[in-house]
Amino acid sequence: MELSSSFGMRFRHSAIPSPLAIPASASTAEPHTQTPPHRNTIKLRSSKPFPSARKSATLEIQRSSDLPSALARLGETLTVKDLNAALYHFKNSNKFNHISQLFKWMQENKKLDVSSYSHYMRFMANNLDAAEMLQLYHSIQDESARKNIFVCNSVLVCLIKKGKFASGMKLFQQMQLDGLVPDTVTYSTLLAGCIKIENGYPKALELIQELQHNKLQMDGVIYGTILAVCASNSKWEEAEKYFGQMKDEGHSPNVYHYSSLLNAYSTCGNYKKADKLIQDMKSEGLVPNKVILTTLLKVYVKGGLFDKSRELLAELKSLGYAEDEMPYCILMDGLAKAGQIHEAKLIFDEMIKNHVRSDGYAHSIMISALCRSKLFREAKQLAKDFETTSNKYDIVILNSMLCAFCRVGEMESVMETLKKMDELAISPSYNTFHILIKYFCREKMYLLAYRTMKDMHSKGHQPGEELCSSLISHLGQVNAYSEAFSVYNMLRYGKRTMCKSLHEKILYILLAGHLLKDAYVVVKDNAKSISRPPTKKFAIAFMKSGNINYINDVLKTLHDSGYKLDQDLFAMAVSRYLGEPEKKDLLLHLLQWMSGQGYVVDSSTRNLILKHSHLFGRQLIAEVLSKQQVQLKHKNLTR
DNA sequence: GTAGGGTTAG
């Protein structure tokens, strides 16, 4: 079930309309059967006819408002070079729709060369998504274009910009197999992809090694990129190493290099090194810019130097570098995380007073910080303020608001926020679900919490163990046994690790609900994590009322897991079998198995079996039991 | 006339 359907609404899953949709006229334009009149006449009149005809045709194409028909009329006149120039022209006048129409025509009419592809890919890097770019690349017939360095780099730039590092790397490897010889641009492009990915540093190192193996020289941009990778992976020592190496090789660092090294110092808040770096930078004649000073603020904040941070923020303001919310966000987030929530709020208030541009980050930080400090009413008030003053929503601000509304228990505002999410076609995230499920649990709406978790799971989010564990307990308490088991299974078959005690917890719940078959699955898969008392409880329950066909299996499973079976269990099993004579084979099987494992039935059970032996075949029963007797005597003798 | 690098929330 859908999360939103709990509230009588649905999240839309509308496909994003492509801004590049090509009008049908582009491909279905009437072919012009008539030869344009001026073409032949010019040809006859002039000894150098084409340049001027082409020039006017090029101009007409460039100015055309109906590009497809202009192309149908004049396209033939133009050379590939002219068409490439037109692409360039459209790019300069930001006519991206024309670029795609023209390129499509060039493809259909096979009037394109290597630079048509590389230019088009460059120009459209922001307008095409990764899949479209890949499709375009793979559609290139011309082998020399497919392994051209400009073309390959352009495709890779697009993939990396769209955050598709893995597919970029895969394509890169394929390109090399196809004969591409990568250059430093290729490597800096791929390295840039390592900045944003998890664990990017080792991947960056591999690329650097490969670059060196290919006898390519590291240049200023490569150094800039690896410094950024170091910074985003909190590796300031490595960043220092590259910074020094770069200078040793004669590349003088620019503000980018300084800002990355500075950023590398920020994670650990090493303000001494940061101050020294700023001094070095100034003595090299470089002037700290907005980014440098904002990053320095981050260093001070991380280092806990809040007075110095406030001074620096004042300096940023006086320089006109605090016109958007970022420096305020850095400081207030740091203050809040250091427990100085009221100091943080002062910075926030100052920001509001100064009418600083905001995309909602500041509100999101403050609302979350207030919630963390359990100041829910203030958090809710800010969420309400944001609603009235802004219309810039994203999933993070929506989650912050939702959290605040949930914490003060304002169901109506919660619903409004979910509705807004739906209207804006912003999909709920992992955090959205967590916030809602926690809220429903607090409100004792356990089945709604359960349905929300099902929804979450079906959308590909793996709920956290703590939340699952608490929901399992609550569902158990309200006798929702199979729902509890369903939550357990989401964890069990998810990628996350789970605490061993959960197996016992669900086992008790399943036993309370008499879901013995499910209980057996839990015991079978996790016998080693379950202690003796619940195992015993399970064994007794199963012998009493579990499916008779599985009784032997259960006993064997318990035995194999190291559980010592006692006489009571055998007595119960035997009495079940005696009640259903058609299961006599199972009883015989059990008695034989017992002999094999050194178990013996006690005398009263033995007598009971003998009393009913006519049902099973006296001879057989006598044989099996006497075998057990021999064993018993042997056992007593050796004791 | 085409290509590559830096800062913010959960």
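To find a chain, count down the sequence lines: A is the first, B the second, and so on, and within it residues start at 1.
An aromatic stack links A:Phe150 and the base of B:dT2, using centre distance under 5.5 Å and interplanar angle under 30°. Stacking here means ring centres nearer than 5.5 Å and ring planes tilted less than 30 degrees, and by that measure A:Phe123 does not stack onto B:dT2.
Judged purely by distance below 3.5 Å, without hydrogens or angles, the side chains of A:Tyr117 and A:Asp142 never pair a donor atom with an acceptor atom. Of the N and O atoms on the side chains of A:Gln279 and A:Asp275, not one donor lies less than 3.5 Å from an acceptor on the other residue. Counting only N and O atoms by type, the side chains of A:Tyr258 and A:Asp280 include no donor and acceptor under 3.5 Å apart.
In this structure, NZ of A:Lys196 is placed 10 Å from C1' of B:dG5, rounded to the nearest angstrom. In this structure, A:Tyr120 atom OH and B:dA3 atom P are separated by 18 Å, rounded to whole Å. Look at CG on A:Asn148: it is 11 Å from C1' on B:dT2, rounded to the nearest Å. Following rounding to the nearest Å, A:Met326 (CE) and B:dA9 (C1') show an atom-to-atom distance of 11 Å. Computed from coordinates, the A:Leu112 CG to B:dT2 C1' distance equals 15 Å when rounded to whole Å. Rounded to an integer number of Å, the gap from CG of A:Leu180 to P of B:dA3 is 18 Å. The distance from atom CG of A:Leu190 to atom P of B:dG5 is 12 Å, rounded to the nearest whole Å. Atom pair A:Leu331:CG and B:dA9:P shows a separation of 13 Å (rounding to whole Å applied).
When distances run from any side-chain atom of A:Lys298 to the nucleotides B:dA9, B:dT8, B:dG5, the shortest one goes to B:dT8. Side-chain proximity of A:Tyr256 to B:dG5, B:dG1, B:dT7: nearest is B:dG5. Side-chain proximity of A:Ser364 to B:dT8, B:dG10, B:dA9: nearest is B:dA9. Closest to the side chain of A:Val396, out of B:dG1, B:dA9, B:dT7, is B:dA9. Listed nucleotides B:dG1, B:dG4, B:dT7 differ in distance to A:Thr189; the shortest reach to its side chain belongs to B:dG4. When each of B:dT7, B:dA9, B:dA3 is scored by its nearest atom to the side-chain atoms of A:Asp333, the top-ranked nucleotide is B:dA9. Of all nucleotides listed (B:dT7, B:dG5, B:dG1), B:dG1 comes nearest to the side chain of A:Ala85. Distance from the side chain of A:Tyr361 is smallest to B:dA9 among B:dT7, B:dA9, B:dG1. The nucleotide whose nearest atom lies closest to any side-chain atom of A:Ala192 is, among B:dT7, B:dA9, B:dG5, B:dG5. For A:Ile195, taking side-chain heavy atoms from C-beta onward, the closest of the listed nucleotides B:dG10, B:dG5, B:dA3 is B:dG5.
Taking the six-membered ring wherever Trp is involved, the centroid distance between the rings of A:Tyr223 and A:His257 does not fall below 6.0 Å.
Note on A:Arg122: every side-chain N or O is 4.0 Å or more away from OP1 and OP2 of B:dG1. Here A:Lys302 does not reach the OP1 or OP2 of B:dT8: none of its side-chain N or O atoms lies under 4.0 Å away. Put simply, A:Lys91 has no side-chain N or O that comes within less than 4.0 Å of OP1 or OP2 on B:dG1.
Nearest heavy atoms, A:Pro327 versus A:Leu316: CB-CD1, 4.0 Å. In terms of heavy atoms, A:Ala204 sits closest to A:Ile226 at CB-CD1, 3.8 Å.
Here A:Thr184 lies in heavy-atom contact (under 4.0 Å) with a base. Counting any heavy atom pair closer than 4.0 Å across all strands shown, A:Asn254 reaches a base atom. Among the heavy atoms of the strands lying under 4.0 Å from A:Asn263 are primed sugar atoms or P, OP1, OP2 only; no base atom is included. A:Asp324 comes within 4.0 angstrom of nothing in the nucleic acid, heavy atoms only. Residue contacts for A:Thr294: at a heavy-atom cut-off of 4.0 Å it reaches a base atom on one of the strands shown.
Below the 3.5 angstrom threshold, one finds a donor paired with an acceptor across the side chain of A:His257 and the base of B:dG5. In this model, a side-chain donor or acceptor of A:Ser188 finds a partner on the base of B:dG4 within 3.5 Å. Between the side chain of A:Ser118 and the base of B:dT2, at least one donor-acceptor pair of N or O atoms lies under 3.5 Å.
Cation-pi geometry between A:Lys196 and A:Phe165 is not met: the NZ or CZ atom fails to fall both under 6.0 Å from the ring centre and inside 45° of the normal.
Among residues at least two apart or in separate chains, ring pair (Phe, Tyr, Trp, His ring centres under 6.0 Å) pairs with a member in residues 361-402 of chain A are A:Phe348-A:His363, A:His363-A:Phe386, A:Phe386-A:Tyr393. Sorted by first then second residue, the side chain to side chain donor-acceptor pair (under 3.5 Å) pairs that include residues 149-165 of chain A, not counting sequence neighbours, are A:Asn153-A:Asp183, A:Asn153-A:Thr186.
Interface residues of residues 208-231 of chain A facing DNA chain B, ordered by number: A:Asp219, A:Gly220, A:Val221, A:Ile222, A:Gly224, A:Thr225, A:Ala228; criterion, heavy-atom separation under 4.0 Å.
Evaluated for a side chain to side chain donor-acceptor pair (under 3.5 Å) with A:Asn399, the options A:Ser368, A:Ser429, A:Ser364 yield exactly one hit, A:Ser429.
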